[in-house]
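Some notes on the structure that comes next.
Remember, predicted model here, so these are calculated numbers, not experimental data.
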Amino acid sequence: MSRTREVAALPARVVGRRPRRFGRFALAALILLCGLTLLLGFANKDRCTGPTFDQWGRSAPDYEKRNKSEVCYSDIQHLWIGRDIDRHVFPYVDGGIDSKGVLTGGTVEYPVLTGLLIWAGAVFAHTDAAFLLFSALLMAPFGLATAWLLGKLSGWRALLWAIGPPMVLYAFHNWDLPVAFCSVAAVYVVHRGWGRTPRPLVDRAVVAAVLLGLGFAFKIYPAAFVLPLCLYVLTGGREGLAGGKYDWPGAVKVALASAVTVVLVNLPFAVLGFAGWQASFTFQQLRRVDITTNSIWFWSMRPFMPDESMQAVVGVLSPVGILGSFALACWLGWRRCRREGVYPWVPVSAAMLCGFLLLHKVHSPQYTLWLVPMFVLLRIPLGWVFAYFAADIAMGVGIFRWYYAIEFGQPSGIYDGLSAQAVVIGVWGRAALLVALFFVFLRAQVAFRDRPLDRFLPVTSDEKAKR
C-alpha cells in the first residue's frame, strides 16, 4: 500500500481534525498577550517589594504583614533569606540538612536545575526585589516559549495558558515555568517532530523522554509521563504495530533516555556534594502535613487525629495512593488503546497529574501552572476549566488573607469572614474537580493535529523513482 493510501486509511481520530486557521499573525498575537500577562503577573508580585530594605536586603517595612494582607506573596522573594541565596552560595556543593530539618550551605528544597536557576537569579542581586526581577527575567522566556508551542499545537485554545488567571497569580510565585515548558515541549516533539527531516516515532519519543528527564530535574513530576510515553511507543503510536508486534526495544530505549538524562544532570552535584544534593530530597521526605501544605490530608484528618498519628498515616497513604492513581490511569488508557488502536499517552499523563495533585501531601497554589497545559492540549469542555480556575482563585487569594487573619489576630474562624470560607472552597473544590478531571481527561481527545503522517513514514524506493 502506498503512503498516500496508508494515510487515507487511518481513522480521523488518529490523524486528527484539521484545526481552525492559526497563522503567524495569530501566533504573534498570542505571544504578545502572554507577554503582557507575564508583566501583569510580575507587577502583582512586585507590590511586595521595597520601598526600603534592611541590612539583609529584605523589603521593609512590614514585609510579613504586607505579603499576606495584600496577597502579593511569592516564594521567590520569601526565600531570599534563609537558604543562603542572599549570600550567593552555589547550591548543594557545601550544603546539608541539620537535625531540625533546616537546610544549610546553599542547599534548596528543589531539584538541581531549579537550584541552578535560583542561584543564577541571585548572582547580581543584593535585595529581594532585585532577586525577584532577575528571576522573572530568567523565567519569562520559558512562559513565552510554552505559549508558542501550545499555540502551534492547539491554536487559540492556548489563550488558557497565555492570559489565564493562573499566569497572573503564579508565573513568578515559584520556579514553575521551566518545568511546564519541558512537559509541553515533550508533547510537541512526539507529535510534530522538528526540522524538515522525517523522524521515526522512537527517535521523537527519545527526545521527548530527555525533555521529561530535564523536567524531573526542575520539579520531579514530568518523570511520571515517561511511563505512558513508553506505552505509546510500545503499541506503535498512531503508526500502529509493525507486524502486530509490540515495540519492546523502542519502549526500553525511551525509558533509558529519560533515566540517563536524570542521572547525567544530577551526577555532578551528587559527586561534588552528596550531602547537599541528598538534603533536597530529605527535606521533602521530612516535610510535615500542616496548615501550609494546602492538601486534602490536613483538612480531612487533622480535626480527628493527633498530629503524629496523622503524619505517620499520610506518610504511607499519600505515596501508595499516588502510585495507585498512576496504575489506574495507565490501565484505563490501555483499555482505550484496545478499543481505538492508539495509546492515549497525553490523556493518561493528564490523569496521572490529577492523581498526583490530589494525593500528594503538599498542594502548593502554583501547581495549577502544571495543569493548565493539559487544559490546552486536551479537548475538554471549557466549563471544567473555568470551574477549576474559580476554585483556584478562591484558594490562591483566600489562603493568604486567612494567614494574615491568623498571624495578626484577626477573626479567622469559618464563620468570621470570607477568607476561611474561600480556603475551604479552594481545598475541596479543587479536590472534587481533580477527581472528576481524572476521568474526563482519560476520555478526552487531543486538541491538536499531528504532523501529517506521510512526513514521518519512510519513502519507498518505488516512490523515489516516481518522484
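A centroid separation of 6.0 Å or more is found between the aromatic rings of His360 and Tyr221. Residues Tyr232 and Tyr343 keep their aromatic ring centres 6.0 Å or farther apart. Remark: aromatic rings of Tyr110 and Trp175 are close, center separation under 6.0 Å. Checked against the 6.0 Å centroid criterion, the rings of His173 and Tyr73 qualify as a close aromatic pair. Phe131 and Trp80 have their aromatic ring centers within a separation under 6.0 angstrom.
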Would you check, one step at a time, whether the test side chain to side chain donor-acceptor pair (under 3.5 Å) holds for His191 with Trp345?
CA-CA 11 Å; His191 295 278; Trp345 86 278; 3.0 Å; yes
Take Asp86 and Trp56 through the side chain to side chain donor-acceptor pair (under 3.5 Å) test and state the conclusion after the steps.
CA-CA 8 Å; Asp86 59 319; Trp56 298 286; 5.9 Å; no
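You'll find the side chain of Asn67 stays beyond 4.5 Å of the side chain of Tyr404, heavy atoms only. Taking 4.5 Å as the limit, every side-chain heavy atom of Tyr388 sits out of range of all side-chain heavy atoms of Val372. Two residues are said to be in side-chain contact when any heavy atoms from C-beta on lie closer than 4.5 Å; Pro178 and Leu113 fail this criterion. Contact check for Leu160 versus Phe386: side-chain heavy atoms found under the 4.5 Å cut-off. Residues Asp54 and Tyr63 have side chains not in contact (no heavy-atom distance under 4.5 Å, counting atoms from C-beta outward). Contact of the Pro166 side chain with the Gln366 side chain is not registered, since no non-hydrogen atoms from C-beta on lie closer than 4.5 Å. In this structure, Leu434 and His363 have side chains that are in contact, with non-hydrogen atoms separated by less than 4.5 Å.
For Asp94, the CG atom is loosely surrounded, since the number of other residues' heavy atoms within 6.0 Å does not exceed 12.
The two residues Gly115 and Val108 make their nearest non-hydrogen contact at CA-CG2, 3.9 Å. Here the closest heavy-atom approach between residue Asn294 and residue Ser364 is recorded as ND2-CA, 4.2 Å. Taking all atoms of both residues into account, the shortest heavy-atom contact from Phe172 to Leu38 is CE1-O, 3.3 Å. Counting all heavy atoms, side chain and backbone alike, Ala422 lies closest to Ala394 at CB-O, 3.5 Å. Taking all atoms of both residues into account, the shortest heavy-atom contact from Tyr403 to Thr292 is OH-CA, 3.2 Å. For Trp161 against Leu369, the heavy-atom pair with the smallest separation is CZ3-O, 3.6 Å.
Classification of Arg192 and Asp450 as a salt-bridged pair fails, no side-chain N sitting under 4.0 Å from a carboxylate O. Taking 4.0 Å as the cut-off between side-chain N and carboxylate O, Glu239 and Arg204 count as a salt-bridged pair. With respect to Glu109 and Arg83, a salt bridge is recorded, a charged nitrogen being found less than 4.0 Å from a carboxylate O.
The backbone N or O of Gln278 sits less than 3.5 Å from a side-chain atom of Thr282, completing a donor-acceptor pair. When atom types are taken as modelled, the side chain of Arg66 and the backbone of Cys48 share a donor-acceptor pair closer than 3.5 angstrom. Formation of a donor-acceptor pair under 3.5 Å by the Thr37 side chain with backbone atoms of Ala162 is found in this model. A donor-acceptor distance shorter than 3.5 angstrom exists from the side chain of Arg157 to the backbone of Leu378, with no hydrogens or angles considered. Side-chain atoms of Lys45 never come within 3.5 Å of backbone atoms of Gly41 as a donor-acceptor pair (strictly under, hydrogens ignored).
Side chain to side chain, Asp392 and Tyr170 meet the donor-acceptor criterion of an N or O pair below 3.5 Å. Counting only N and O atoms by type, the side chains of Asp176 and Trp370 include a donor and acceptor under 3.5 Å apart. Inspection of the Gln77 and Ser59 side chains reveals an N or O donor paired with an N or O acceptor under 3.5 Å.
Atom CE of Met374 is separated from atom OG of Ser183 by 6.5 Å, given to the nearest 0.5 angstrom.
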